[in-house]
Amino acid sequence: AILHNAGIEISPASIVKSLPSNNAIANMVVNNAADTVILTRESIKRNPVVYISCDKGNKKGNKNLAKYLCWFCVKTEKVKTFLLDVDCTDENSADIAKAMKHSLKRIFGDNEETIYLFGQCTDSGGGGTGMSLFRELEKLGLVARWYLITSCVLHNIQTALRNGVQLVLGEGGLEEDGKGKMNAMQLLHGVYNIQNWCEHDELKDIYEYTRTQQGLDTKFKKLEEPIVTRWWLVGACACLFLDCFTTWERICNGICKSAPTDSAAYKVAASSYQLMQQPIIVSDVHLLSAMHTWFVFPHFEFCQLGELEVG
């Protein structure tokens, strides 16, 4: 379309014919993959101190394990990484160790016993982590004499936050009588759920109208779901909620006045509005916001920067 508008005559058929075929693209991918594997093997032979970093995932019921080899290249003075695969595996340490051995064999052939791992980095929970994984790898003869076991700093920071929230502030949810719990996390969950009960465009219009009445910036910003096991989310939700506190207070009050009393929107809005009137609970949300602003966010950002000089 750009060429046509510029008055340049083109032949669509010729353009299509000039593109590589499916077979050509497939061959390019295979050749590049083979070259990458060969270069990786050669680099590791020259730099045999290799570590493995892995993490479990679950997508649509398929439990997969991402496995990265990491080593320091003396020649380039950079840390190099190579993704072995993200194949599906079970969650216990024995099966995960066997999966690692199989992945190494696919890259290094039948000589995988000459590849020793000098350390590991995983998260802190479940199978395939910590000493449990080390013991299983040791049984398979995959570990070096000196072996470093460490866990992900980001996971550990998140675990510290989760434990503090659950033990001190409490989790969101319902009491035995079916009423919502009276704590900061329930307030964040409630306001977030209002976004789900209302149509996006409808809520956006209500939000923008309310902000206009307040003389504030009308740009709609959707709250993140406050899941304590997921990075950033609780803090992102708390910070944005406090920035728009009076707006959400008006929205909840408006829903209570307009929605049927037996509707889910009314129940969630009424509960959230009630929590907003509790100074202690609002103070707890401020605590969450402050903790993320001055501790969690900066530490996460620092840990994700990497070291420019070594990769």
Side-chain angles (χ1 to χ4, degrees), residues 1 57-60 158 161-162 165 169-175 178-298 300-301 304:
N58 191 328
K59 185 174 183 180
K60 296 182 179 179
Q158 189 66 34
L161 169 69
R162 181 188 65 197
V165 169
L169 302 184
E171 299 181 77
L174 300 178
E175 300 285 4
K179 296 182 179 180
K181 294 183 177 181
M182 300 290 289
N183 57 45
M185 287 301 299
Q186 180 60 24
L187 171 56
L188 296 179
H189 280 293
V191 178
Y192 170 80
N193 287 335
I194 291 175
Q195 297 178 146
N196 298 332
W197 296 121
C198 299
E199 294 291 338
H200 175 74
D201 292 339
E202 177 187 5
L203 178 63
K204 183 178 179 182
D205 291 340
I206 296 173
Y207 181 91
E208 292 177 350
Y209 174 80
T210 305
R211 299 285 285 185
T212 300
Q213 295 296 311
Q214 294 177 286
L216 301 172
D217 178 25
T218 59
K219 184 178 180 181
F220 176 67
K221 300 176 182 178
K222 187 174 181 180
L223 298 175
E224 297 283 358
E225 184 175 6
I227 305 175
V228 293
T229 57
R230 294 291 179 267
W231 301 348
W232 307 102
L233 298 186
V234 172
C237 182
C239 292
L240 182 54
F241 170 69
L242 291 176
D243 287 342
C244 311
F245 181 87
T246 57
T247 303
W248 281 109
E249 190 175 32
R250 290 192 178 192
I251 290 175
C252 290
N253 192 29
I255 293 175
C256 291
K257 293 179 178 179
S258 60
T261 56
D262 60 345
S263 67
Y266 173 87
K267 294 177 181 178
V268 174
S271 174
S272 299
Y273 183 79
Q274 182 183 5
L275 292 172
M276 290 182 205
Q277 309 313 306
Q278 304 295 322
I280 293 179
I281 292 177
V282 176
S283 176
D284 288 343
V285 178
H286 277 281
L287 174 62
L288 286 172
S289 175
M291 182 176 181
H292 279 79
T293 301
W294 300 106
F295 178 76
V296 177
F297 290 161
F300 269 43
E301 184 178 1
Q304 292 176 314

For [X], give me all partners under side-chain contact (heavy atoms from CB on, under 4.5 Å), at least two apart in sequence or on another chain.
{"X": "Thr293", "value": "Cys239, Ser289"}
{"X": "Ala236", "value": "Glu224"}
{"X": "Glu225", "value": "Tyr192, Ile227"}
{"X": "Asp243", "value": "none"}

[X] side, atom [atom1]; [Y] side, atom [atom2] - distance, nearest 0.5 Å:
{"X": "Leu223", "Y": "Cys244", "atom1": "CG", "atom2": "SG", "value": "7.0 Å"}
{"X": "Asp284", "Y": "Gln278", "atom1": "CG", "atom2": "CD", "value": "11.0 Å"}
{"X": "Tyr266", "Y": "Thr261", "atom1": "OH", "atom2": "OG1", "value": "6.0 Å"}
{"X": "Leu287", "Y": "Ile281", "atom1": "CG", "atom2": "CD1", "value": "13.5 Å"}
{"X": "Ile206", "Y": "Ser258", "atom1": "CD1", "atom2": "OG", "value": "7.0 Å"}

Side chain to side chain donor-acceptor pair (under 3.5 Å) partners for [X], two or more places apart:
{"X": "Ser263", "result": "none"}
{"X": "Arg211", "result": "Thr247"}
{"X": "Gln213", "result": "none"}
{"X": "Ser271", "result": "none"}

Indicate yes or no: at least one non-hydrogen side-chain atom of [X] is less than 4.5 angstrom from one of [Y].
{"X": "Met185", "Y": "Leu288", "value": "yes"}
{"X": "Leu169", "Y": "Asn183", "value": "no"}
{"X": "Leu203", "Y": "Lys222", "value": "no"}
{"X": "Phe245", "Y": "Val285", "value": "no"}
{"X": "Met182", "Y": "Leu275", "value": "yes"}
{"X": "Tyr209", "Y": "Arg250", "value": "no"}

Handout entry: Any donor-acceptor N/O pair, Glu249 side chain to Met276 backbone, under 3.5 Å
Key = no
Handout entry: Side-chain (Asn193) to main-chain (His189) donor-acceptor, under 3.5 angstrom
Key =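 Yes; judged by distance alone, with no hydrogens or angles, the pair exists.
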Practice task
Report the residues that fulfil ring-ring contact (aromatic ring centres under 6.0 Å, His included) with His292, sequence neighbours left out, ordered by chain and then residue number.
Solution key: Phe297
Handout entry: Contacts of type ring-ring contact (aromatic ring centres under 6.0 Å, His included), residue Tyr207, not counting sequence neighbours
Key = Phe220
Practice task
Could you tell me whether Gln277 atom CD has more than 12 heavy atoms of other residues or ligands within 6.0 Å of it?
Solution key: yes
If every non-hydrogen atom of [X] is compared with every non-hydrogen atom of [Y], which pair is closest and at what distance?
{"X": "Val191", "Y": "Ser272", "result": "N-OG, 3.6 Å"}
{"X": "Glu301", "Y": "Trp232", "result": "N-CH2, 4.2 Å"}
{"X": "Val228", "Y": "Val165", "result": "CG1-CG1, 4.2 Å"}

